[in-house]
Amino acid sequence: MFKNDLVLLEDKDNFFPPYDAVYLIRGEALEEYPEIVPLIKQMEGLIDEKAMGKMNMQVDIDGMDARDVAEEFLRGKGMIK
C-alpha cells in the first residue's frame with residue numbers, strides 16, 4: 001500500500017489529532033442553491049478517516065485528479081450515478 005517501503009507507525013501518544021472531515025460551503029452558494037442542503041446532510045458520516053486517507057493517497061501518491069477521486073467515491077456510495 002505504501003511506496004518506497006514505508007511503514008505506518010501507530011500514534012500511541014495521540015500526537016496527531018483525528019482527521020475529521022468537515023464540509024465548507026460559501027454562504028453565497030447556499031443562498032443561490034438552497035437545494036444542496038439536503039444533499040450535504042446525506043453525506044454526514046459518509047467519509048471516515050480510512051476513506052479520507054485512501055482518497056488523499058490516490059491524489060498525493062498516485063497522481064489522480066482530486067475531482068475524479070471524489071466522483072469515484074461518491075459513485076461507490078450511491079450518491080451520484
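The basis for the numbers below is simple: all heavy atoms, side chains too, and nothing from hydrogens, waters or symmetry mates. If you read the sequence from its start, that first residue is 1, and numbering goes on from there.
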Do K77 and I47 have side chains that get closer than 4.5 Å, going by heavy atoms? no
Give the cluster check for I40 versus L46: same hydrophobic cluster or not, with ILVMFWY residues linked at side-chain heavy-atom distances below 4.5 Å. yes
Y23 atom OH: more than 12 heavy-atom contacts under 6.0 Å: yes
Within the 4.5 Å heavy-atom criterion, are V69 and K54 side-chain neighbours or not? no
How long is the gap from CG on D65 to CD on E71, to the nearest 0.5 Å? 10.0 Å
Rounded to the nearest 0.5 Å, what's the gap from CE on M55 to CG on D60? Could you check? 12.0 Å
If the condition is side chain to side chain donor-acceptor pair (under 3.5 Å), which residues does R26 pass it with, not counting sequence neighbours? E28
L74 versus M43: any side-chain heavy-atom pair under 4.5 Å? yes
So does M64 get a backbone contact from the side chain of D62, meaning a donor-acceptor N/O pair under 3.5 Å? no
